Asker: 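This structure is in structure tokens; I'll ask about it shortly.
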Amino acid sequence: MLELRLVQGSLLKKVLESIKDLVNDANFDCSSSGFSLQAMDSSHVALVALLLRSEGFEHYRCDRNMSMGMNLGNMSKMLRCAGNDDIITIKADDGSDTVTFMFESPTQDKISDFEMKLMDIDSEHLGIPEAEYQSIVTMPSAEFARICKDLSGIGDTVVISVTKEGVKFSTRGDIGTANIVCRQNTTVDKPEEATVINMSEPVSLTFALRYMNSFTKATTLSNTVTISLSSELPVVVEYKIAEMGYIRFYLAPKIEE
Amino acid sequence: VNPQRQITSFFSKA
């Protein structure tokens, strides 16, 4: 038996909106520690890892570990029926081939339940080793989204380079080139507006902008984004989910020319 | 065009 009650249901709505176009089907894993997901896109270039810790739920019951295969497009269709202020409860019985999403309006005057069919998904769980990243950039998530969107109008790939000077996002296309440099800036009014660069070694990697743009759909989950880079490793683009966990996108680099 | 690497060439099956 599984029953997870999330008062801030909008978080789950936002999570789905941010991953449904990247991943078609995924297994949600439920254990006593939390509700999680790991899935790759169909071309195995990007991987998403989601964690919503059990402590973040108002009520969390998971009698035994469960893996529930869901079509994210269908799950998103159902979650879109929840109001932004609604409380969302996820329920499933052991061995059941369905999951139920229950939505309660804040005033309890509207209660809906949606039952969705589960599916068998043969997904391979990858081991993600702990890594010391050469450069870690934290910046406003909206700024990162703006840069990815702007550059994708000019080129298909972005070179992200971190040096003592700052982080540089560069692209090149038929119409020309673009370079955007963000310097470390910690003298801001609000901490979430800061750009912080922790660099142990300079690093420069090339990535497909199409994927970066897809990751920025998670911008609504967090005011800041953390980009962790090391040569010879996928970049990690992480959005923290307030007091609950995170959504991390891993993207394999392009091979340098 | 830079060739694209895959996630599976960095992370292996758990």
Side-chain angles (χ1 to χ4, degrees), chain A residues 22-23 27 29 36 38-49 67 122-131 133 155-160 170-174 204-212 215 228-237 248-257, chain B:
Chain A
L22 186 66
V23 176
N27 282 316
D29 298 311
S36 65
Q38 188 202 82
M40 279 187 283
D41 78 298
S42 57
S43 50
H44 292 192
V45 169
L47 179 145
V48 55
S67 189
D122 191 21
S123 73
E124 45 187 338
H125 212 82
L126 300 182
I128 302 171
E130 284 287 314
Y133 286 91
D156 296 329
T157 60
V158 58
V159 180
I160 306 180
S170 309
T171 195
R172 152 187 312 275
D174 294 341
S204 180
L205 288 162
T206 305
F207 300 100
L209 273 168
R210 185 166 69 86
Y211 286 96
M212 285 292 181
F215 303 163
S228 302
L229 298 143
S230 265
S231 48
E232 289 308 303
L233 273 183
V235 62
V236 191
V237 179
R248 290 178 185 152
F249 298 99
Y250 295 81
L251 177 60
K254 294 238 173 193
I255 295 167
E256 299 297 323
E257 272 167 34
Chain B
V1 179
N2 310 46
Q4 175 67 60
R5 298 185 66 173
Q6 289 195 318
I7 283 287
T8 41
S9 69
F10 297 94
F11 303 150
S12 49
K13 243 178 171 174

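No experiment lies behind these values; they were computed from the predicted model shown. The chains referred to below are lettered A, B, ... by the order of the sequence lines, with proteins before strands, and numbering in each begins at 1.
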Asker: What residues, two or more places apart in sequence or in another chain, satisfy side chain to side chain donor-acceptor pair (under 3.5 Å) together with B:Ser12?
Answerer: none
Asker: Should B:Phe10 and A:Tyr250 count as side-chain neighbours, where that means a heavy-atom distance under 4.5 Å?
Answerer: no
Asker: What distance separates B:Ile7 CD1 from A:Ile128 CD1, expressed to the nearest 0.5 Å?
Answerer: 8.0 Å
Asker: Quick one: pull up CG in A:Asp41 and CD in B:Gln6 and give me the separation to the nearest 0.5 Å.
Answerer: 8.5 Å
Asker: Would you compute the distance between atom CD of B:Gln4 and atom OG1 of A:Thr206 and round it to the nearest 0.5 angstrom?
Answerer: 10.0 Å
Asker: So which heavy atom on B:Arg5 is nearest to which on A:Val45, and how close?
Answerer: O-CG2, 4.0 Å
Asker: Could you tell me which residues satisfy side chain to side chain donor-acceptor pair (under 3.5 Å) with B:Thr8, sequence neighbours excluded, listed by chain and number?
Answerer: none
Asker: Given heavy-atom pairs under 4.5 angstrom as the criterion, report whether the side chain, backbone, both or neither of A:Thr157 touches chain B.
Answerer: neither
